[in-house]
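Here is the structure we will look at, set down as structure tokens.
So you know, we letter chains A, B, ... as the sequences are listed, proteins then strands, and number each from 1. These numbers come from a predicted model, not from an experiment.
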Amino acid sequence: MRKFFLTAALSLGVVTAAPAMASEGGHIKRLDWPQDGIFGTYDRASLQRGLQVYQQVCASCHGLKRVAFRTLTDLGFTMDQVKKIAAEYEFEDGPDEEGEMFTRPGAPYDYFPSPFPNEKAAAAANGGAVPPDLSLIVKARRGREDYVYSILTGYEEAPDGFTVPEGGHYNSAFPGNVIAMPPPLSEDAVEYADGTPATVEQMAKDVVNFLSWAAEPKMEERKRIGLRVVIFLVILIGLLYGIYRRVWARVDH
Amino acid sequence: MAFQTNSKIVKWIDRRLPIFSMMHHELYEYQVPKNLNWWYTFGSLAGIILMLQIITGVVLVMHYTPNTELAFDSVEKIMRDVNYGWLMRYMHANGASMFFIAVYIHIFRGLYYGSYKQPRELIWMIGLVILLLMMATAFMGYVLPWGQMSFWGATVITNLFSAFPVIGEALVTWLWGGFTVGNPTLNRFFSLHYLLPFVILGAVVVHLWALHTSGSNNPAGVEIKGKKDWIPFQPYYTAKDMLGFAVFALVFSIFIFYSPDFFGEPDNYIPANPLKTPPHIVPEWYFLPFYAILRAVPDKLGGVLLMFGAILVLFVIPWLDTSKVRSARFRPVYKWWFWVLVFDCLVLGYVGSQPPEGALILIGRLATAYYFLHFLVIMPLVGWFEKPLPVPASIHDAVLADKKAKESADA
Ligand code: HEM
């Protein structure tokens with residue numbers, strides 16, 4: 001029995017240690033994220049600010065094609081607000097009765113459009129490097145939120161003797177330290193509706209929180225159900241342990 | 001006591017299909033040693049996990065699309081849009097890891113207590129067939145989400161077959177169904193990934209059939225001799241296994257709900273891109289020891305043969321182990337070598353997870369050498385030279401001796 005609890009405790013330790021694994025190559029800053037930990041949830045105000053940063057800064061180069069407008073209600077928006085956000089975009093639809101394609105304003109069932117029609121166009125517009133779709137970026141990089149935050153805040157003067165090739169930018173977090181993305185954030189690049197000062201760090205945090213939600217919109221549901229399941233199982237283990245002791249009391253063992 | 005009932009319906013059925021008699025026999029008459037410890041729960045646990053994999057897998061298939069253009073997107077749809085789809089997928093992905101943990105513990109348990117020895121050789125060998133089938137299933141399953149690791153893992157592993165002389169290239173083309181890993185590959189892997197779990201299920205039935213013919217081994221390694229040595233499965237081992245399942249469910253839940261990507265690779269959340277090789281390609285953790293053995297040999301064909309040899313050698317250990325005594329409990333010398341083997345496998349796993357550089361190359365080779373020496377040399381030699389401790393006369397005696405030792409330790 002003792003061995004089993006030990007195993008369980010060990011795996012718990014391992015689980016909590018997992019996010020500490022670092023990305024190789026660059027320098028990764030460690031931050032506390034509101035969604036970390038067993039009880040962590042997304043910070044709605046930060047998600048909304050993050051959406052604004054994404055829309056006003058990142059969207060000109062990066063798509064977010066797996067996120068549907070309807071899911072933005074998760075960020076605390078009402079359906080009317082979501083309809084308005086979607087309607088800011090235009091989509092090609094059709095064919096209509098005459099067989100013609102037409103454009104219409106976006107609706108909640110649409111997904112965020114990508115800025116380039118294809119990878120070739122994306123590469124051509126960005127000096128040969130393709131800006132990846134950001135829907136899953138937080139899950140697709142070792143270091144998750146910390147990594148993306150470190151990229152966004154990692155633009156520095158290159159150290160002496162380090163030559164940055166044409167079209168590249170020195171970045172302390174990126175593997176190899178030369179990234180094709182020009183520094184996307186600068187002081188007051190956006191103006192927050194809630195009056196939060198738009199420092200580079202603040203915008204980076206907000207957009208990373210938003211991208212974390214975009215990568216795992218079901219995270220809160222997952223942890224909520226998880227807590228109930230764990231409580232249920234702990235009680236069940238107690239009961240089954242009682243039964244086990246009673247049944248085996250009859251055996252000379 | 002034979003099966004008895006008052007129900008006319010049950011009697012009617014049982015006379016034509018003695019399923020109730022059979023259940024009764026397995027649960028109440030089949031003799032189980034009374035000294036099985038917790039390490040013995042991992043077998044039935046593996047069976048439960050197999051069922052979980054099949055159930056979650058069948059649900060996933062309802063939403064999954066086996067096409068290179070659509071596979072990744074369909075998995076993401078499962079994660080985002082299908083009700084509890086994320087739960088099904090995380091259970092299935094983590095379930096595969098749990099399956100291997102349970103089966104590896106189950107195998108080492110068998111090694112420690114000598115469960116492969118006469119008359120249980122076939123139980124052991126069928127178990128190894130199950131392991132091979134599981135590896136094939138898990139490997140092909142990992143290709144299905146069609147992420148970067150899916151694609152490149154499949155490419156690296158299938159390419160190994162090109163090492164075979166003469167037929168190598170043709171063999172790989174045949175496996176792929178084309179000249180690269182592509183849509184035909186994904187489709188056949190999907191087909192086989194659906195099929196093989198049911199083949200495993202069949203193998204499990206045969207495994208249990210053989211088991212219930214010879215009976216379970218036990219930590220004392222002596223056979224059942226009298227009434228005092230055994231108890232029926234129900235209610236004793238049902239109660240014990242249920243508790244084991246519940247504890248497993250808790251550990252499993254902690255992974256699913258709080259660290260669902262713990263065993264995963266971040267790269268597999270990037271859609272497969274045949275033009276972009278990831279910096280290092282690593283297989284799933286459960287293949288790492290074998291991967292280390294593969295890379296320990298500078299020659300590709302040699303590596304492949306040695307890797308398969310690592311499992312094949314296990315098929316002959318019933319004849320390589322020369323000891324008259326089953327359980328390592330009573331084998332003072334072999335016991336230590338057993339733990340060296342466990343450590344060796346962990347080292348191999350670590351080496352397999354790292355890029356093959358510097359000292360790790362040497363460590364990988366030494367660990368590989370030990371793995372084979374353990375079975376081919378140490379096992380036969382220790383069996384000859386070792387002087388085993390006195391083996392208890394019966395299971396009941398072993399239980400009493402344990403009890404005494406415990407009481408004097410407590411006092
Ligand atoms: C021996 C039991 C099984 C094992 C060890 C196993 C293993 C795996 C693994 C490792 C993956 C990749 C998970 C990921 O990273 O996303 C996978 C995916 C998948 N498996 Fe299985 N599987 C088993 C049984 C089944 C069965 C019986 C079915 C269907 C009837 C099935 C259907 C699927 C599907 C549709 C996927 C792709 C979806 C996904 O990636 O989550 N599996 N399996």
Fill in: Side chain, backbone, both or neither of B:Lys77 within contact of chain A (heavy atoms, under 4.5 Å)
side chain

Worksheet entry | Interchain contact, B:Asp73 with chain A, by part (heavy-atom threshold 4.5 Å) | both

Worksheet item: How long is the gap from CZ on A:Arg224 to CZ on B:Phe257, to the nearest 0.5 Å?
Response: 12.0 Å

Discussion item. Any donor-acceptor pair under 3.5 Å linking the side-chain atoms of A:Glu221 with those of B:Trp86?
Written reply: yes

Discussion item. Heavy-atom pairs under 4.5 Å with chain A - which of B:Asp261, B:Thr238, B:Asn37 has more of them than the others?
Written reply: B:Asp261

Fill in: Heavy-atom closest contact (B:Met242 atom, A:Leu240 atom, distance)
O-CD1, 3.6 Å

Discussion item. With a 4.5 angstrom heavy-atom cut-off, is it the side chain or the backbone of A:Leu233 that approaches chain B, or both, or neither?
Written reply: side chain

Discussion item. Please report the interatomic distance CD1(A:Ile237) to CG(B:Leu250), rounded to the nearest 0.5 Å.
Written reply: 4.5 Å

Fill in: OH/B:Tyr350: more than 12 non-hydrogen atoms of other groups inside 6.0 Å
no

Fill in: B:Lys240 vs A:Trp248 side-chain heavy atoms within contact, under 4.5 Å
yes

Worksheet entry | Rounded distance [0.5 Å steps], OH in A:Tyr241 versus CG in B:Leu243 | 8.5 Å

Item to complete: Identify which of A:Val234, A:Val229, A:Leu236 forms the greatest number of heavy-atom pairs closer than 4.5 Å to chain B.
Response: A:Val229

Worksheet item: Side chain, backbone, both or neither: which part of A:Leu227 has an atom under 4.5 Å from a heavy atom of chain B?
Response: both

Practice prompt. Please look at B:Ile395 and chain A and tell me whether the side chain, the backbone, both or neither of the residue comes under 4.5 angstrom of a heavy atom of that chain.
Written response: neither

Worksheet item: Given that the side chain runs from C-beta out, which part of A:Asp252 has a heavy atom under 4.5 Å from chain B: side chain, backbone, both or neither?
Response: both

Fill in: A:Val230 portion near chain B, given a 4.5 angstrom heavy-atom threshold
both

Discussion item. Would you say that A:Arg142 contacts B:Asp267 through its side chain, given a criterion of any heavy-atom pair below 4.5 Å between the two side chains?
Written reply: no

Practice prompt. Just give me the residue among B:Pro266, B:Ala398, B:Pro260 that pairs up with chain A most often, heavy atom to heavy atom, under 4.5 Å.
Written response: B:Pro266

Item to complete: Check whether B:Pro271 gets within reach of chain A through its side chain, its backbone, both or neither, counting any heavy atom under 4.5 Å.
Response: side chain

Discussion item. Are the side chains of B:Phe72 and A:Arg66 in contact, using a 4.5 Å heavy-atom criterion?
Written reply: yes

Worksheet item: If we only count heavy atoms from C-beta on, is the A:Glu119 to B:Leu275 side-chain gap below 4.5 Å?
Response: no

Discussion item. Would the distance check show the side chain of B:Tyr269 and the main-chain N or O of A:Ile137 forming a donor-acceptor pair, the cut-off being under 3.5 Å?
Written reply: no

Practice prompt. Please state whether the side chain, the backbone, both or neither of A:Arg250 comes within less than 4.5 Å of a heavy atom of chain B.
Written response: side chain

Discussion item. For A:Ala249, which atoms come within 4.5 Å of any heavy atom of chain B: side chain, backbone, both, or neither?
Written reply: neither

Discussion item. Salt bridge or not between B:Asp81 and A:Arg70? Use side-chain N to carboxylate O under 4.0 Å.
Written reply: yes

Worksheet item: Does atom CZ of B:Phe343 have more than 12 heavy-atom neighbours, drawn from other residues, nucleotides or ligands, at distances under 6.0 Å?
Response: no

Worksheet entry | Within 6.0 angstrom of B:Lys276 NZ, more than 12 heavy atoms from elsewhere | no

Item to complete: Of all the heavy-atom pairs spanning A:Ala214 and B:Arg80, show the shortest one and how long it is.
Response: O-NH1, 2.7 Å

Worksheet item: Any chance NZ of B:Lys228 has more than 12 other-residue heavy atoms, nucleotides or ligands included, within less than 6.0 Å?
Response: no

Discussion item. Tell me if the CG atom of A:Asn118 is crowded by more than 12 foreign heavy atoms within 6.0 Å.
Written reply: yes

Worksheet item: What distance do B:Met79 atom CE and A:Arg222 atom CZ have between them, rounded to the nearest 0.5 Å?
Response: 8.0 Å

Practice prompt. Determine whether B:Leu87 and A:Ile225 make a side-chain contact, defined as any pair of heavy atoms from C-beta on separated by less than 4.5 Å.
Written response: no

Practice prompt. Identify which part of B:Tyr90 has an atom lying under 4.5 Å from any heavy atom of chain A, answering side chain, backbone, both or neither.
Written response: side chain

